[in-house]
K.L.:
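Can you keep this structure in mind? I'll have questions shortly.
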Amino acid sequence: MDKLHHIVVVGGGAGGLELVTSLGDKLGKKRRARITLVDAGLTHVWKPLLHEVASGSLDANANEINYRAHARKHYYEFQLGRMSGLDRTAKKLVIAPFHDEEGAEVVPERHISYDTLVIAVGSTANDFGTPGAQDNCLFLDSLKQARRFHKLMLNAFLRKNHKALQGAEHTLNISIIGAGATGVELAAELRLASRELPVYGMNHLQASDVSISVIEAADRILPALPARLSAAATRELEHQNVQVLTGQPVSEVREASIIMKDGTELPAEMTIWAAGIKAPAFLAELDGLEVNRSNQLVVEQTLQTTQDTDVFALGDCAACPQPDSDRPVPPRAQAAHQQADTLFKTLCNRLENGEAVPFVYNDHGSLINFSRYTTVGNLMGNLSGRSMYIEGKVARLFYLSLYRMHQVALHGMLRTGIIWLMDKISRAMHPRLKLH
Ligand SMILES: Cc1cc2nc3c(=O)[nH]c(=O)nc-3n(C[C@H](O)[C@H](O)[C@H](O)COP(=O)(O)OP(=O)(O)OC[C@H]3O[C@@H](n4cnc5c(N)ncnc54)[C@H](O)[C@@H]3O)c2cc1C
């Protein structure tokens, strides 16, 4: 067992979990290599679902994958723990002590040896040091945060419903800072929640009592996407009675308001920070590995870190160059998915001293889902390189297929089909919103 080449993947997210699954099925099963996944949590939920968990339109329990059970099925080992350091000479990674919810130490600091290390620890929101943001904003970086948001939102609705019953002022002001895909989709999910909740007993509150604003520093929402898409998304948000504020940099976040750079104060009892990303800070302290200003590990086209050919990085935590572009690969689930595919080939080759496969990002386009209302997006033509605008049911189908592709990578076709069927049944049996 010890003589086997040991591949350690840190981070079982959109990219890392797909990678260990295929490595386990191919190399672990035949005992050609030992595969270990290390993750700070016990379960995986695909991150692009988090805003649906936050609004309650998706029950995370039904979409959660337990790493231990998954590891057993796919011939890899799982270690619960948070990576905190690296010794490249000894080829060991450091796992911080593990504490339970009461703060008691369960497992002390450990070291795990590796022959090949893949770092896939994702990213968190970047508040760019904005005063008050850490204390007064909610974030959607993890399942825990999404669940917390959901509870706070239900309580806020309850509080305002009670105020309405008493005839008191009862407007609930929710603001989302950052109008990238996450912020825009979250706004639509929250509008759905505000329309549905009265149906479930909070009938003193109207959807119009819930004021939702999306604030963007750039001069249009979805600034990274084509202008036509951002115009369509603006129209849809306004149609959903969501206030769209562009060209409005935020200078401070207070407990119940937001201060804009021009001094304007916007009331906001709930503020969600969804602007920008940065990789975890500990990456900047990893035994001399090169990082950029956002703490992302700088990698070559082969996804090998620039200082160590035995250490790879993928997904949001990696700054991977793109040929013919001065911008790195964007931090998106489809990029992490494609990088996991490329790295799988490279790591299989490595066992036979083969070449590392260069990664080339294939942008299939972008889709923005407005909850159950509509979807808009652009699809890239593979041959022409030009994008095609789509919306409505066809766009929604493409949007949903991104998650189904992730499920196929983790469970195979047959099980994904069964899960899809179970989802349909579950939707028919349960309320449209999670109410607890
Ligand atoms: C609300 C929301 C909506 C999004 N919607 C879309 C979308 O529609 N389309 C799209 O393409 N992208 C979307 N994204 C972006 C997408 O989720 C990310 O690009 C993608 O998840 C990155 O994958 P990853 O494997 O790099 O990291 P992640 O999926 O974030 O996984 C990182 C993993 O690393 C673990 N981890 C972190 N630190 C440590 C540590 N120190 N030690 C051990 N484990 C650690 C975490 O527990 C996690 O399991 C969305 C993101 C958010 C937040």
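Heads up: numbering here begins at 1 and tracks the sequence. Note that ligands are numbered from 1 as they come in the structure, with each ligand's atoms numbered from 1 the same way.
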K.L.:
Using side chain to side chain donor-acceptor pair (under 3.5 Å) as the criterion, point out the one residue from E189, R191, R195 that pairs with Y373.
P.N.:
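Going through the options one by one, the only one that passes is R195.
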K.L.:
Using distance alone, with no hydrogens and no angle criterion, decide if E64 and T43 have a side-chain donor and acceptor under 3.5 Å apart.
P.N.:
yes
K.L.:
Any atoms of ligand 1 less than 4.0 Å from a non-hydrogen atom of Q334? List them with their elements.
P.N.:
11 (O)
K.L.:
Identify whether the distance between the nearest side-chain nitrogen and carboxylate oxygen of D87 and K92 falls below 4.0 Å.
P.N.:
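A salt bridge is absent here (no side-chain N lies under 4.0 Å from a carboxylate O).
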K.L.:
Any non-hydrogen atom of H44 lying under 4.0 Å from ligand 1?
P.N.:
no
K.L.:
Step through the shown structure and confirm whether more than 12 heavy atoms of other residues, nucleotides or ligands are within 6.0 Å of CD on Q307.
P.N.:
yes
K.L.:
Applying a strict 4.0 Å limit to heavy atoms, is P280 in contact with ligand 1?
P.N.:
no
K.L.:
For atom 6 (C) of ligand 1, what is the nearest protein heavy atom, given as residue, atom name and distance?
P.N.:
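So the nearest neighbour among protein heavy atoms is P48 CB, 3.5 Å.
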K.L.:
Considering only the protein, which heavy-atom contact is closest to atom 44 (N) of ligand 1, and what is its distance?
P.N.:
A40 N, 3.2 Å
K.L.:
Report yes if some heavy atom in the side chain of E300 is under 4.5 Å from a heavy atom in the side chain of F359; otherwise report no.
P.N.:
no
K.L.:
Counting each atom of ligand 1 from 1 as listed, which ones have a heavy atom of G81 under 4.0 Å away?
P.N.:
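Going through ligand 1 atom by atom, the ones under 4.0 Å from G81 are 42 (N), 43 (C).
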K.L.:
For atom 29 (O) of ligand 1, what's the nearest protein heavy atom and its distance?
P.N.:
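For atom 29 (O) of ligand 1, the nearest protein heavy atom comes out as A14 N, 2.9 Å.
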K.L.:
Considering only the protein, which heavy-atom contact is closest to atom 35 (C) of ligand 1, and what is its distance?
P.N.:
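Going by distance alone, atom 35 (C) of ligand 1 is nearest to D39 OD2, 3.3 Å.
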K.L.:
So, does H74 use its side chain to make a donor-acceptor pair with the main chain of L410 at under 3.5 Å?
P.N.:
yes
K.L.:
Please tell me if the side chains of V214 and Q243 come closer than 4.5 Å, counting only heavy atoms from C-beta onward.
P.N.:
no
K.L.:
Determine, considering heavy atoms only, which of D316, L314, I277 sits nearest to atom 26 (O) of ligand 1.
P.N.:
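Looking at heavy atoms only, D316 sits closest to atom 26 (O) of ligand 1.
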K.L.:
Would you mind running through ligand 1 and noting each atom that sits below 4.0 Å from a heavy atom of T182?
P.N.:
1 (C), 2 (C), 3 (C), 4 (C), 52 (C)
K.L.:
So which of H406, M83, E52, H337 gets nearest to atom 42 (N) of ligand 1, if we judge by its closest heavy atom?
P.N.:
M83
K.L.:
Test side-chain hydrogen bond (donor to acceptor under 3.5 Å, both in side chains) on T375 and N369; report intermediate values, then the result.
P.N.:
CA-CA 4 Å; T375 304; N369 188 45; 2.6 Å; yes
K.L.:
Return the option from L402, I272, V9 holding the heavy atom at the smallest distance from atom 9 (N) of ligand 1.
P.N.:
L402
K.L.:
Which ligand 1 atoms does L140 reach within 4.0 Å, using its non-hydrogen atoms?
P.N.:
53 (C)
K.L.:
Is there a polar contact, in the sense of an N or O pair closer than 3.5 Å, between G15 and ligand 1?
P.N.:
yes
K.L.:
Between D127 and Q134, is there a side-chain donor-acceptor contact under 3.5 Å, judged purely by atom types and distance?
P.N.:
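Yes, side-chain donor-acceptor contact under 3.5 Å.
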K.L.:
Are Q79 and I95 side-chain neighbours, meaning at least one heavy-atom pair lies under 4.5 Å?
P.N.:
no
K.L.:
Between Y399 and ligand 1, is there a nitrogen or oxygen pair with a distance under 3.5 Å?
P.N.:
no
K.L.:
Nearest protein heavy atom to atom 30 (O) of ligand 1, by residue and atom, and its distance?
P.N.:
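Of the protein heavy atoms, K47 CD, 3.3 Å lies nearest.
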K.L.:
Any heavy atom of Y67 closer to ligand 1 than 4.0 angstrom?
P.N.:
yes
K.L.:
With heavy atoms under 4.0 Å as the rule, classify the contact between L17 and ligand 1 as side chain, backbone, both or neither.
P.N.:
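L17 to ligand 1: no contact under 4.0 Å from either part.
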K.L.:
Touching ligand 1 at all, A181? Heavy atoms, strictly under 4.0 Å?
P.N.:
no
K.L.:
Please list, in number order, the atoms of ligand 1 under 4.0 Å from a heavy atom of H51.
P.N.:
1 (C), 3 (C)
K.L.:
Name the closest protein heavy atom to atom 27 (O) of ligand 1, giving the residue it belongs to and the distance to 0.1 Å.
P.N.:
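For atom 27 (O) of ligand 1, the nearest protein heavy atom comes out as G122 CA, 3.3 Å.
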K.L.:
For residues F398 and I390, determine if any side-chain heavy atom of one lies less than 4.5 Å from a side-chain heavy atom of the other.
P.N.:
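Of all side-chain heavy-atom pairs linking I390 with F398, at least one is under 4.5 Å.
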K.L.:
Would you mind listing which atoms of ligand 1 come within a distance below 4.0 Å of any non-hydrogen atom of V10?
P.N.:
42 (N), 43 (C)
K.L.:
Can you name the atoms of ligand 1, numbered from 1 with element, that are less than 4.0 Å from a heavy atom of P331?
P.N.:
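Answer for ligand 1: 19 (O).
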K.L.:
Distance alone, cut at 3.5 Å: any donor-acceptor contact between the side chains of T36 and H6?
P.N.:
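Yes, because at least one side-chain N or O of T36 sits under 3.5 Å from a partner of the opposite role on H6.
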K.L.:
Where does the angle between the aromatic ring planes of Y403 and W46 fall among parallel (under 30°), tilted (30 to 60°) and perpendicular (over 60°)?
P.N.:
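Because their plane-to-plane angle is under 30°, the rings of Y403 and W46 count as parallel.
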K.L.:
Under 4.0 Å, counting heavy atoms only: does W46 come that close to any atom of ligand 1?
P.N.:
no
K.L.:
From atom 12 (N) of ligand 1, work out which of A333, S366, A281 has a heavy atom at the shortest distance.
P.N.:
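Heavy atom nearest to atom 12 (N) of ligand 1 belongs to A333.
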K.L.:
Any luck finding a side-chain donor-acceptor pair between Q145 and R148 under 3.5 Å?
P.N.:
no
K.L.:
For T124 and D141, which I'm curious about, is there any donor-acceptor pair between the side chains at under 3.5 Å?
P.N.:
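Looking only at side-chain atoms, D141 and T124 do not form any donor-acceptor pair under 3.5 Å.
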K.L.:
Spell out, as yes or no, whether a donor-acceptor pair under 3.5 Å connects the side chain of N136 to the backbone of V253.
P.N.:
yes
K.L.:
Using the benzene-type ring in the case of Trp, are the ring centres of H337 and H364 under 6.0 Å apart?
P.N.:
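Ring-ring flag for H337/H364: false, centres at least 6.0 Å apart.
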K.L.:
If you count the atoms of ligand 1 from 1 in the order shown, which ones are under 4.0 Å from a heavy atom of A336?
P.N.:
23 (O)
K.L.:
Could you check atom 31 (O) of ligand 1 against the protein and tell me its nearest heavy-atom contact, residue, atom and distance included?
P.N.:
G13 CA, 3.1 Å
K.L.:
Test your reading of the structure: does L50 have an N or O sitting under 3.5 Å from an N or O of ligand 1?
P.N.:
no
K.L.:
Among all the protein's non-hydrogen atoms, which is closest to atom 39 (C) of ligand 1, and how far away is it?
P.N.:
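Of the protein heavy atoms, V121 CG1, 3.6 Å lies nearest.
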